[in-house]
Amino acid sequence: QLRLVESGGGLVQPGGSLRLSCAASGFTLDYNAIGWFRQAPGKEREKVSCISSSGGTTNYADSVKGRFTISRDNAKHTAYLQMNSLKPEDTAVYYCAARRTRGCSSGYGVSFYDYWGLGTQVTVSS
C-alpha cells in the first residue's frame, strides 16, 4: 500500500541538469520527512538531501550543496530533487525514501528511513 516511485533519471552531459521526482501512493506525505540518497557502483549508499514534512527544513551533503535543490508539494504527494551543474561523480542510482516522522536532520542516515523507492539511474558523462 505504501509506495514511492522515482522518475526523471537519465543520461546528461557534465554541466547539465535533471529533475527527479518522487511520487507517493497509498499515503500522503503530510507527516513524512523525505530523503534523497544515491549509490554508485562499489560505494555505500549516501544521503544527498532531506526535507522535513512541511518543507521548512532542508539539508544537503557538502558534495551537492549549491547545485542541488530539494522541494516538495504535499498536495501532489510528490517530492523533487533539482540537480544542476552535474558532474561525472554524481553518477549513481538515486533513491527516494520517507521517514515515518517529520524530521529532517543531517544525523538521520539510511537506517532512519522506512519507505524506499526502487531508484532511478542518473548518468553524467560526455
Side-chain angles (χ1 to χ4, degrees):
Q1 183 179 0
L2 305 178
R3 296 176 59 200
L4 297 170
V5 180
E6 304 95 336
S7 62
L11 175 65
V12 64
Q13 293 184 338
S17 298
L18 286 173
R19 190 193 195 200
L20 306 183
S21 297
C22 172
S25 63
F27 64 105
T28 68
L29 297 178
D30 291 350
Y31 305 104
N32 306 96
I34 295 293
W36 284 97
F37 297 76
R38 67 186 182 187
Q39 188 165 20
K43 295 185 177 180
E44 296 290 321
R45 188 170 299 188
E46 66 171 340
K47 186 179 178 182
V48 175
S49 182
C50 66
I51 186 167
S52 61
S53 59
S54 68
T57 301
T58 60
N59 278 291
Y60 298 91
D62 288 343
S63 59
V64 307
K65 197 171 297 181
R67 299 188 297 120
F68 290 11
T69 302
I70 190 170
S71 62
R72 64 191 299 157
D73 186 340
N74 286 355
K76 296 181 178 179
H77 315 297
T78 303
Y80 307 93
L81 185 68
Q82 178 67 45
M83 304 185 295
N84 298 327
S85 302
L86 283 162
K87 304 175 181 179
E89 51 262 45
D90 295 318
T91 296
V93 176
Y94 282 70
Y95 299 89
C96 176
R99 298 188 66 210
R100 288 181 291 179
T101 53
R102 297 175 176 176
C104 166
S105 171
S106 61
Y108 297 162
V110 169
S111 64
F112 286 82
Y113 288 78
D114 304 288
Y115 311 109
W116 292 82
L118 296 179
T120 184
Q121 177 70 48
V122 172
T123 302
V124 185
S125 176
S126 60

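Excluded from the calculations below are hydrogen atoms, water molecules and symmetry mates; all remaining heavy atoms, backbone and side chain alike, are included.
Atom CD of Glu89 has more than 12 heavy atoms from other residues, nucleotides or ligands within 6.0 Å.
Summarising the geometry of Cys50 relative to Ser105, their closest heavy-atom pair is SG-N, 3.7 Å, with the distance given to 0.1 Å. The minimum heavy-atom distance between Asn59 and Ser106, with the atom names listed, is ND2-N, 3.8 Å.
Side chain of Thr123 to backbone of Thr91: no donor-acceptor contact under 3.5 angstrom is found. Listed for the Arg67 side chain is a donor-acceptor partner under 3.5 Å among the backbone atoms of Ser85. Of the possible donor and acceptor atoms, none in the side chain of Arg102 sits under 3.5 Å from a partner among the backbone N and O of Ser54.
A salt bridge does not link Lys87 with Asp90: every distance from a Lys NZ or Arg NE/NH1/NH2 to an Asp or Glu carboxylate oxygen is 4.0 Å or more.
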Under 3.5 Å, which donor-acceptor pairs link side chains of residues 6-34 to any protein atom two or more places apart or in another chain?
unit_1 : atom_1 : unit_2 : atom_2 : d
Glu6   : OE1    : Leu118 : N      : 3.1
Glu6   : OE1    : Gly119 : N      : 2.9
Glu6   : OE2    : Cys96  : N      : 2.8
Glu6   : OE2    : Gly119 : N      : 3.2
Ser17  : OG     : Asn84  : OD1    : 2.9
Asn32  : ND2    : Arg99  : O      : 2.6

Should Arg100 and Tyr115 be marked as a side-chain contact (heavy atoms from CB on, under 4.5 Å) after you check the CA-CA gap, both sets of side-chain angles, and the distance that decides it? CA-CA 8 Å; Arg100 288 181 291 179; Tyr115 311 109; 3.6 Å; yes
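Expressed to the nearest 0.5 Å, how far CD of Gln121 lies from OH of Tyr94 amounts to 9.5 Å.
Between Tyr60 and Ile51, the closest side-chain pair of non-hydrogen atoms is not below 4.5 Å. Counting heavy atoms from C-beta outward, Val64 and Arg38 have side chains that approach closer than 4.5 Å.
Using the six-membered ring where Trp is involved, Phe37 and Tyr113 have ring planes that are perpendicular, over 60° apart on the 30 and 60° scheme. Using the six-membered ring where Trp is involved, Tyr95 and Trp116 have ring planes that are perpendicular, over 60° apart on the 30 and 60° scheme.
By the ring-ring contact (aromatic ring centres under 6.0 Å, His included) test, Phe112 pairs with Tyr108, sequence neighbours left out.
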